[in-house]
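First comes the structure, then the notes that go with it.
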Amino acid sequence: MKTSSSRISGLGTTIFAEMSALAVRTGAINLGQGFPDTDGPTAIIDAAVDAMRHGHNQYAPGTGIPALRRAIAAHQARWYGLAIDPDTEVVVTTGATEAIAAALFGLVDPGDEIIVLEPYYDSYVACIQMAGGVRRPVTLRAPDFRLPVDELRAAVTPQTTAILLNSPHNPTGMVLNTEELDAIATLAIEHDLTVISDEVYEHLTLDGLAHTHISTLPGMAERTLTISSSGKSFSLTGWKIGWGTGPAALVRAMMTAKQFMTYTSGTPFQPAIALALGSGTDYFDAFSHGMRDQRDLLCAGLSDIGFDVFVPEGTYFVSTDIRPLGFEDGVEFCRMLPERAGVVAIPHEVFYDHKEVGRPLVRWAFCKRPEVLIEALDRLRVLTPR
Ligand code: PMP
Ligand code: GLN
């Protein structure tokens with residue numbers, strides 16, 4: 001009996017599931033998988049409860065309820081000055097995860113080459129593989145994880161059809177700067193490439209750094225499919241409401257694939273996220289300032305313990321090099337850590353083709369209450385050499 005396809009060969013279990021299960025099994029503090037330990041705003045949760053109580057419990061339209069599509073378009077106008085047609089240029093998805101899958105299944109043919117930034121989010125390469133595409137990683141290196149523009153240029157071949165970006169970048173926390181975005185745009189236009197831009201951390205730049213939406217650059221609106229999600233911006237990762245925006249042809253390709261994966265996404269959550277997207281600047285400021293304080297707390301503590309800490313500009317993750325503490329292998333380190341210190345983290349290595357680059361790097365999530373971060377740091381002090 002056949003029990004699996006070549007399409008999923010080697011995909012195994014995601015590191016996030018493995019490490020969260022390890023945290024539950026060992027009772028360790030989970031600084032691995034990126035989810036906050038506090039809920040999103042009560043008014044938004046109440047809006048979802050209200051929607052459930054008032055009959056919003058059957059299939060939503062495939063592209064999403066009109067109120068949410070309008071709210072997404074209004075959000076893009078307000079934050080980035082983009083004019084998006086809510087009827088043809090927006091599709092609501094089951095988290096950014098489905099948006100990524102639908103984009104890749106809708107746009108990639110077998111043999112197409114897709115450029116990804118390495119370390120990459122694991123679902124990118126899984127979906128490229130399932131679509132029959134070929135990934136071409138361009139490596140971001142510590143300490144600052146800047147984009148090596150020459151390497152990006154060299155990665156383009158006649159088979160390249162798309163660049164898959166992520167900024168603010170998980171797991172490094174790097175935020176693409178103007179020169180890097182310009183270089184990507186120039187290359188995309190020169191080679192007529194599609195850009196798929198995963199911006200789930202768009203509201204998590206931490207030092208007042210502006211997040212630039214690549215589709216606002218000249219010539220980019222017509223070739224950029226932007227993906228985002230309510231999970232990170234509103235601390236509601238379990239609701240799985242994401243979206244894609246961009247030119248109608250790209251959104252249509254995504255929708256065509258999406259309709260045969262989930263058809264539609266969580267109806268009662270949609271009016272609540274429509275409300276959330278209209279939140280005032282004070283909400284977004286308080287959110288990123290709180291996360292910045294948590295970053296500073298965790299980074300200072302990890303540095304005290306002896307890690308080499310690469311302070312992130314965005315996201316809610318910090319990456320460290322474990323070698324100053326006498327370790328070499330991040331996977332081994334993360335498997336031993338719950339037992340040794342009662343903390344869970346994520347090894348970078350699983351996000352690379354060039355495994356040796358990621359081997360000594362480990363990612364820590366700081367989207368946890370300050371008292372939890374302090375307790376985790378207390379526990380990690382056992383690692384400091386005496
Ligand atoms: N892209 C990146 C870079 C992520 O870190 C995540 C995790 N939130 C996702 C996509 C998936 O988002 P969602 O939970 O909305 O599916
Ligand atoms: N995006 C989150 C992270 O990077 C969660 C990922 C997941 O569970 N698939 O930790």
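Not measured: the values here are computed from a predicted model. In listed order, ligands and their atoms are each counted from 1.
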TODO: Determine, using the 4.5 Å side-chain heavy-atom cutoff (strictly less than), whether Ile8 and Tyr124 are members of one ILVMFWY cluster.
DONE: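 Ile8 does not cluster with Tyr124.
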TODO: Give the numbers and elements of all ligand 2 atoms closer than 4.0 Å to a heavy atom of Tyr201.
DONE: 1 (N)
TODO: Under 4.0 Å from a heavy atom of Phe317: give me the atoms of ligand 2 that qualify, with their elements.
DONE: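 By the 4.0 Å cutoff, the relevant atoms are 3 (C), 4 (O), 10 (O).
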For the 3.5 Å polar cut-off, considering only N or O atoms, please tell me whether [X] and ligand 1 meet it.
| X | result |
| --- | --- |
| Lys240 | yes |
| Lys232 | yes |
| Asn166 | no |
| Asn170 | yes |
| Tyr121 | no |

Open item on the list: Could you work out, with side chain to side chain contact (heavy atoms under 4.5 Å, CB included) as the rule, every residue matching Asp304, not counting sequence neighbours?
Closed with: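 Result, side chain to side chain contact (heavy atoms under 4.5 Å, CB included) vs Asp304: none returned.
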TODO: For Glu118 and Val138, indicate whether the former's side chain and the latter's backbone hold a donor-acceptor pair under 3.5 Å.
DONE: no
Open item on the list: Heavy-atom contact check, 4.0 Å cutoff: does Arg363 meet ligand 2?
Closed with: yes
- [ ] Work out whether the distance between some heavy atom of Thr14 and some atom of ligand 2 is less than 4.0 Å.
- [x] no
Task: Polar atom proximity, Gly34 to ligand 2 (N or O, under 3.5 Å) - done: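 Between Gly34 and ligand 2, an N or O pair is found under 3.5 Å apart.
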Heavy atom under 4.0 Å from ligand 1: found in [X]'s side chain, backbone, both, or neither?
| X | answer |
| --- | --- |
| Trp243 | neither |
| Ala96 | both |
| Thr315 | neither |
| Thr97 | both |

So which protein heavy atom does [atom] come closest to, and at what separation?
| atom | answer |
| --- | --- |
| atom 15 (O) of ligand 1 | Ser229 OG, 2.6 Å |
| atom 1 (N) of ligand 2 | Lys232 NZ, 3.2 Å |
| atom 6 (C) of ligand 2 | Tyr121 OH, 3.2 Å |
| atom 8 (O) of ligand 2 | Gln33 NE2, 2.5 Å |
| atom 1 (N) of ligand 1 | Asp198 OD2, 2.5 Å |

Open item on the list: For a quick check under 3.5 Å, do Thr160 and Arg136 share a side-chain donor-acceptor pair by atom type?
Closed with: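 Arg136 and Thr160 do not have a side-chain donor-acceptor pair below 3.5 Å.
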Open item on the list: Taking salt bridge (charged side-chain N to carboxylate O under 4.0 Å, His left out) as the criterion, tell me which of Asp353, Asp112, Asp122 meets it with Arg135.
Closed with: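 Exactly one candidate clears the test, Asp353.
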- [ ] Fit a plane to each ring of His75 and Trp79, take the angle between them on a 0 to 90° scale, and name the class: parallel (under 30°), tilted (30 to 60°) or perpendicular (over 60°).
- [x]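 The rings of His75 and Trp79 sit tilted, inter-plane angle from 30° to 60°.
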Open item on the list: Aromatic contact between Phe333 and Phe327, with the criterion being ring centroids under 6.0 Å apart: yes or no?
Closed with: yes
Task: Element-labelled atoms of ligand 1 that are located less than 4.0 Å from some non-hydrogen atom of Tyr124 - done: 3 (C)
